[in-house]
*Asks:* 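Structure provided below as structure tokens; questions to follow.
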Amino acid sequence: MDKTYQPEQIESRWYERWEADNRFAPSGQGEPYSIMIPPPNVTGSLHMGHAFQDTIMDTLIRWRRMQGRNTLWQVGTDHAGIATQMLVERKVAAEEGKSRHDLGRETFIDKVWEWKHESGDHITRQLRRMGASVDWSRERFTMDDGFYKAVQEVFVRLHEEDLIYRGKRLVNWDPTLHTAISDLEVENRDQQGQFWHFRYPLTDGVKTEAGHDHLVVATTRPETLLGDTGVAVNPEDPRYASLVGKFVELPLVGRRIPIVADEHADMDKGSGCVKVTPAHDFNDYEVGRRQDLPLINVFTQDAAILERAEAFDIQGRPLPDIDPTLPEAYAGLDRFEARKRIVADMEAAGLLEQVETVSNTLPYGDRSGDVIEPLLTDQWFVAVESLAKPAIEAVEKGDIQFVPKNYENMYFSWMRDLQDWCISRQLWWGHRIPAWYDAEGNVFVARSEAEARDKYGLPEDLELAQDEDVLDTWFSSGLWTFGTLGWPEHTEELATFHPSSVLVTGFDIIFFWVARMIMLTCKFTGEVPFKQVYVHGLIRDGQGQKMSKSKGNVLDPIDLIDGIDLDSLVEKRTGSLMQPQKAQAIAKATRAEFPEGIEPHGTDALRFTFLSQATTGRDIKFDMGRLDGYRNFCNKLWNASRYVLMNAEGQDTGLGDAPVELSLADRWIVSRLQQTEAQVTRAMEEFRFDHASQALYEFVWNEYCDWYLELSKPVLWDDNASAEAKRGTRRTLVRVLEAILRLAHPMMPYISEEIWQRVAPLAGVEGESIMVQPWPQAEDDKIDATATHDIEWLKGVIVAVRNIRAEMNIAPGKPLDVHLAKCDQEDLRRYIQNHRFLMKLAKLNSIAPLDESKEAPLSATQLVGDMEVLVPMADLIDKEAELQRLAKEIDKQEKLIGGIEKKLGNENFVAKAPEAVVEKERGKLQEYQAARNLLVEQRDKIAAL
RNA sequence: AGGACCAUAGCUCAGUUGGUUAGAGCGCCACGUUGACAUCGUGGAGGUCGGCGGUUCAAAUCCGCCUGGUCCUACCA
């Protein structure tokens with residue numbers, strides 16, 4: 001083995017080997033355990049969130065696989081409608097200078113597929129780098145043939161049950177992308193805005209109570225004035241009670257619009273009058289519905305002003321009687337330009353009463369960054385009410401459990417207030433809606449055009465045109481857990497692996513994805529999609545900032561694995577910025593944070609870092625310090641293994657029939673191993689990967705390496721030690737290491753496999769890969785309390801001597817003569833059994849119990865229980881230093897004693913606390929007092945010198 | 001406006017049902033190279049557990065209020 005751990009040399013080699021040996025596919029044996037990967041965007045690349053999530057899933061899958069479960073980790077990618085379409089549109093624009101409309105639908109779609117084939121394996125390659133043991137043979141894509149079939153099936157069936165319908169509704173419209181988007185894709189941002197107060201003249205000579213001939217309405221969106229169909233006042237408002245049923249004249253347009261009484265108008269806000277624009281505002285839409293006001297749309301799909309308005313009733317039927325005329329001056333103007341002109345014209349007409357500056361929030365499309373416009377369009381909707389009910393019950397009944405549990409409340413509160421889901425998108429890339437229209441606009445929904453003709457009895461020669469729209473990406477990914485398993489066919493896989501065991505996902509897509517998956521899956525399979533949902537937080541940078549391209553603080557997991565030099569990193573972060581003026585600041589910050597670039601750390605270290613930071617339900621500040629630390633941990637494990645191999649390879653490791661003798665240390669480490677195994681297993685069961693990784697870390701470093709390996713040396717290197725003892729120690733060294741590797745494997749797959757290959761034969765374990773070895777199982781009968789106490793004693797004595805050395809400035813290597821005083825029988829036994837270890841580990845010249853009949857030499861003293869460890873002062877100890885040290889020790893004990901005396905002096909405590917607690921305190925008091933007395937005695941002796 | 005989560009060492013975080021001398025890693029200080037590892041070893045310093053109040057014999061832990069932070073939902077005519 002190399003002297004230092006070099007991950008890059010082992011990682012790709014092992015992954016290829018595992019994949020070639022088909023280690024990732026289900027074994028076909030044991031209780032099924034399955035995870036469906038949240039499908040990443042097909043043309044995306046792996047970010048820290050993926051890497052984190054994949055680490056958790058892989059750890060779970062590898063662990064369950066070792067436990068003998070029939071594991072399936074289903075892999076695949078998502079077609080990601082908007083994201084992918086935009087990407088390819090930009091690419092085509094850059095390379096060919098053409099828009100998608102120049103190419104036409106078919107050619108453009110071909111381009112997208114081309115791009116998918118070209119770049120679709122990028123993220124899957126990265127997934128391999130992470131060590132993800134997904135079953136590649138079952139890889140799926142949300143637009144492959146099987147998915148196409150499942151999507152058609154679901155759409156048609158929902159339509160047949162009237163759970164999908166089409167209608168003219170107000171939706172969130174993205175004027176840049178020319179598509180509807182869902183509420184969830186809208187991001188609300190705070191802004192400084194203006195608030196214009198306009199006068200709307202009353203008609204027919206009517207006046208207000210205050211004697212005005214106009215009403216005042218205020219708006220942040222003057223351009224929607226053109227579509228106003230009413231003015232609302234509160235029904236309780238005395239100021240306007242007499243005006244209800246009267247009219248105002250809509251300025252600039254000249255339309256007569258009614259004054260209606262509606263609760264939407266807030267008496268305390270502004271004048272108490274509200275303009276109502278049902279076709280351009282969600283609240284007004286509701287007012288329009290209640291008050292039976294017409295809907296007048298004044299915008300094009302680009303959110304520019306129409307030449308002629310379009311009027312509808314609330315059902316979406318055209319209203320030909322309404323005059324659609326709009327002022328010519330605004331026709332074709334963009335909404336923001338129109339706003340300026342309308343404000344100017346109102347002012348010129350003397351109808352602008354006041355302008356206020358206010359802060360408000362504006363809706364933005366999370367993809368386009370454009371301001372979203374509520375727009376009246378024809379769309380397809382899923383009626384969610386009946387689907388939501390079983391989906392809520394599934395969580396209430398505990399068929400689905402969220403980890404951590406508090407996300408259930410978030411889920412419930414959202415599910416109880418669901419709006420119908422707009423599923424049509426005016427895009428080209430995606431599942432085209434399986435609906436056909438005849439020339440009259442009649443709609444026929446079926447799995448294919450042929451089926452439509454058949455189903456609706458349409459003549460052969462009737463011309464049909466398929467709906468131009470595609471489905472929301474989340475409609476297809478909502479079918480992920482069962483669509484990937486062959487539904488609607490009744491496949492073997494579906495029967496075996498559905499419901500899946502656990503979904504690992506971020507809280508940010510609970511609404512987008514998780515909730516919809518639950519609804520659709522319950523509906524179509526009668527089963528929940530998964531039994532548990534492990535919800536994790538966002539990976540943030542070291543300062544707690546969200547990682548984003550524009551901030552220039554993005555870390556690429558692959559760079560953490562392979563390392564990257566500073567210049568490349570700076571280039572990567574500043575290369576393709578939307579705001580190039582930030583480049584300098586980003587470069588500076590990057591150079592300050594990573595003056596040497598990023599060193600390679602390897603996949604295992606990165607995975608271990610994620611796991612150690614994986615506390616549920618809160619965001620994670622990624623800690624580079626930990627990454628370094630766990631790379632060092634890998635190195636530690638590597639070197640410990642080198643030591644073991646150096647001492648065991650070619651030697652008798654106790655595999656044969658020859659007698660074996662186990663030392664105290666051997667029994668102790670085996671005992672501690674059992675406890676660690678139990679701890680790690682329990683932590684995994686509870687999704688506490690931080691505890692699992694820490695338990696392993698502590699055992700490996702603080703016990704196996706720091707103590708056990710050191711304790712093995714006196715046996716292995718002592719010519720006087722028996723063959724039986726050497727055999728026993730070698731056997732233990734190897735066996736414990738072999739178990740450590742299995743315990744580590746789900747978390748650190750590469751290094752564990754690499755080392756295991758060499759260690760396993762020495763431990764008498766056969767097998768081709770650690771992947772299919774059994775998960776370590778704690779055996780209670782190997783827990784040895786005596787050995788544990790004895791080793792604690794041994795450590796105590798050694799630490800005592802080290803302590804004296806450090807505080808007395810005695811060279812670490814200088815051999816000392818040590819005495820043990822006030823020994824009881826146990827101390828003597830331990831002394832005898834551990835003589836060899838004490839001599840070696842404490843670097844002693846001699847050690848012996850003190851003859852109590854004689855005066856003890858003047859010494860520096862440390863306590864181990866009631867026993868004293870004495871290092872004679874002779875000429876090597878500084879009197880003042882020792883007095884100081886003793887004073888410090890005595891002070892410490894006094895404080896402890898004071899605390900306990902106070903507690904025991906409290907009658908209430910003695911009376912009310914459980915007996916055991918009181919007894920424990922009394923015991924501690926005695927212990928501290930004894931210690932204090934010994935130290936004082938010692939101090940007095942030295943002081944008297 | 002409503003709700004959720006968080007606040008523990010300089011930094012990143014553990015701390016299970018109230019009873020521990022409140023822990024780990026990194027960083028810091030001192031010392032240390034023959035025999036696995038300087039990506040290391042040994043020893044050490046560092047915390048009134050955000051603040052105030054309450055419950056209790058006992059509070060980092062339970063309750064209330066406050067402050068600060070993150071996020072979600074809603075509203076903003």
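None of the values given here were measured: they were computed from a predicted structure. A, B, ... follow the sequence lines: proteins, then strands. Residue 1 opens every chain.
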*Asks:* Of A:Y630 and A:I620, whose closest RNA chain B nucleotide lies nearer the 5' terminus?
*Replies:* A:I620

*Asks:* What is the distance, rounded to the nearest whole Å, between atom CD of A:E286 and atom C1' of B:rC75?
*Replies:* 15 Å

*Asks:* For a quick check of understanding: with a heavy-atom distance under 4.0 Å over all strands, which category does A:E599 fall into, base, sugar-phosphate or nothing?
*Replies:* nothing

*Asks:* Whole angstrom is fine here: how far is it from OH in A:Y5 over to P in B:rA38?
*Replies:* 17 Å

*Asks:* Please confirm whether the shortest side-chain N or O distance from A:T615 to OP1 or OP2 of B:rA14 is below 4.0 Å.
*Replies:* yes

*Asks:* Tell me: NZ of A:K814 to C1' of B:rG32, nearest whole Å?
*Replies:* 16 Å

*Asks:* Atom NZ of A:K636 to atom P of B:rA36: distance rounded to whole Å?
*Replies:* 11 Å

*Asks:* Is it the case that the side chains of A:Q679 and A:H691 hold a donor-acceptor pair, with the cut-off being a distance below 3.5 Å and no angle test?
*Replies:* no

*Asks:* B:rC37, OP1 or OP2 - any side-chain N/O from A:N632 closer than 4.0 Å?
*Replies:* no

*Asks:* Report the distance from atom CD of A:Q543 to atom C1' of B:rU70, rounded to the nearest whole Å.
*Replies:* 16 Å

*Asks:* So, is A:K3 near the phosphate of B:rC37, with a side-chain N or O under 4.0 Å from OP1 or OP2?
*Replies:* yes

*Asks:* Starting at atom CG of A:L737, determine the distance to atom P of B:rA36, rounded to an integer number of angstrom.
*Replies:* 15 Å

*Asks:* Have A:Q893 and A:E889 got a donor and an acceptor in their side chains that come within less than 3.5 Å?
*Replies:* no

*Asks:* Determine: side-chain N/O of A:W701 to OP1/OP2 of B:rG41, distance under 4.0 Å, yes or no.
*Replies:* yes

*Asks:* Quick one: do A:Y630 and A:Y697 satisfy ring-ring contact (aromatic ring centres under 6.0 Å, His included)? Show the steps, please.
*Replies:* CA-CA 9 Å; A:Y630 295 129; A:Y697 183 98; 5.6 Å; yes

*Asks:* Under 4.0 Å between a side-chain N/O of A:H691 and OP1 or OP2 of B:rG15, yes or no?
*Replies:* yes

*Asks:* Whom does B:rA24 pair with, Watson-Crick or G-U wobble, provided both distances fall under 3.5 Å?
*Replies:* B:rU12

*Asks:* Between A:S712 and A:Y643, is there a side-chain donor-acceptor contact under 3.5 Å, judged purely by atom types and distance?
*Replies:* yes

*Asks:* Taking N and O atoms by type only, does the side chain of A:E710 place a donor or acceptor under 3.5 Å from a partner on the base of B:rA36?
*Replies:* yes

*Asks:* Quick one: do the A:D690 and A:S612 side chains pair a donor with an acceptor below 3.5 Å?
*Replies:* no

*Asks:* Under 4.0 Å, counting only non-hydrogen atoms across every strand here, what does A:A911 touch: a base, just sugar-phosphate, or nothing?
*Replies:* nothing

*Asks:* Would you mind classifying the nucleic acid contact of A:V917 as base, sugar-phosphate or nothing, using non-hydrogen atoms under 4.0 angstrom?
*Replies:* base

*Asks:* What does B:rU17 pair with, Watson-Crick or G-U, if both distances are under 3.5 Å?
*Replies:* none

*Asks:* Is any side-chain N or O of A:R631 under 3.5 Å from a base N or O of B:rU39, one able to act as donor and the other as acceptor?
*Replies:* yes

*Asks:* Minimum heavy-atom separation for A:A695 to A:V680, with atom names?
*Replies:* CB-CG2, 4.0 Å

*Asks:* What is the separation between atom CD1 on A:I509 and atom P on B:rC72, rounded to the nearest whole Å?
*Replies:* 15 Å

*Asks:* For residues A:K551 and A:Q545, report the shortest heavy-atom separation together with the two atoms involved.
*Replies:* CE-OE1, 3.6 Å

*Asks:* Hunt down the Watson-Crick or G-U wobble partner of B:rA30, both distances under 3.5 Å, from any strand shown, or write none.
*Replies:* B:rU42

*Asks:* Looking at A:K902, does any N or O in its side chain come under 4.0 Å of the phosphate oxygens OP1/OP2 on B:rA58?
*Replies:* no

*Asks:* More 5' along RNA chain B: A:C705 or A:N702, using each one's nearest nucleotide?
*Replies:* A:N702

*Asks:* Examine B:rA14: is either OP1 or OP2 under 4.0 Å from a nitrogen or oxygen in the side chain of A:R618? Give yes or no.
*Replies:* yes

*Asks:* Find the distance A:D628:CG to B:rC26:P and express it as a whole number of Å.
*Replies:* 10 Å

*Asks:* A:N283 near the nucleic acid: base, sugar-phosphate alone, or nothing, with a heavy-atom cut-off under 4.0 Å?
*Replies:* sugar-phosphate

*Asks:* Using a heavy-atom cut-off of under 4.0 Å over every strand shown, decide if A:R626 touches base, sugar-phosphate, or nothing.
*Replies:* base

*Asks:* Strictly below 4.0 Å: does A:N803 bring a side-chain N or O up to OP1 or OP2 of B:rG44?
*Replies:* yes

*Asks:* Report yes if at least one side-chain N or O of A:Y928 is closer than 4.0 Å to OP1 or OP2 of B:rU21; otherwise report no.
*Replies:* yes

*Asks:* Any strand is fair game: report the nucleotide pairing with B:rA58 by Watson-Crick or G-U wobble, both distances under 3.5 Å, or none.
*Replies:* none

*Asks:* Is A:W717 stacked on the base of B:rG35 when the test is centres under 5.5 angstrom and planes under 30 degrees?
*Replies:* yes

*Asks:* Please work out if A:C634 contacts a base, only the sugar-phosphate, or nothing of the nucleic acid, heavy-atom cut-off 4.0 Å.
*Replies:* nothing

*Asks:* Please work out if A:L709 contacts a base, only the sugar-phosphate, or nothing of the nucleic acid, heavy-atom cut-off 4.0 Å.
*Replies:* base

*Asks:* Return the pairing partner of B:rC65 with a 3.5 Å limit on both distances, Watson-Crick or G-U wobble; otherwise return none.
*Replies:* B:rG51

*Asks:* Does A:R688 reach a base, just sugar-phosphate, or nothing at all? Heavy atoms under 4.0 Å.
*Replies:* sugar-phosphate

*Asks:* Looking across every strand, which nucleic acid part, if any, lies under 4.0 Å from A:S612 by heavy atom: base, sugar-phosphate, or nothing?
*Replies:* nothing

*Asks:* Kindly indicate whether the side chain of A:E901, heavy atoms from C-beta on, has any atom under 4.5 Å from the side chain of A:Q929.
*Replies:* yes

*Asks:* Side-chain N or O of A:K924 less than 4.0 angstrom from OP1 or OP2 on B:rU21?
*Replies:* yes

*Asks:* Hunt down the Watson-Crick or G-U wobble partner of B:rA4, both distances under 3.5 Å, from any strand shown, or write none.
*Replies:* B:rU70

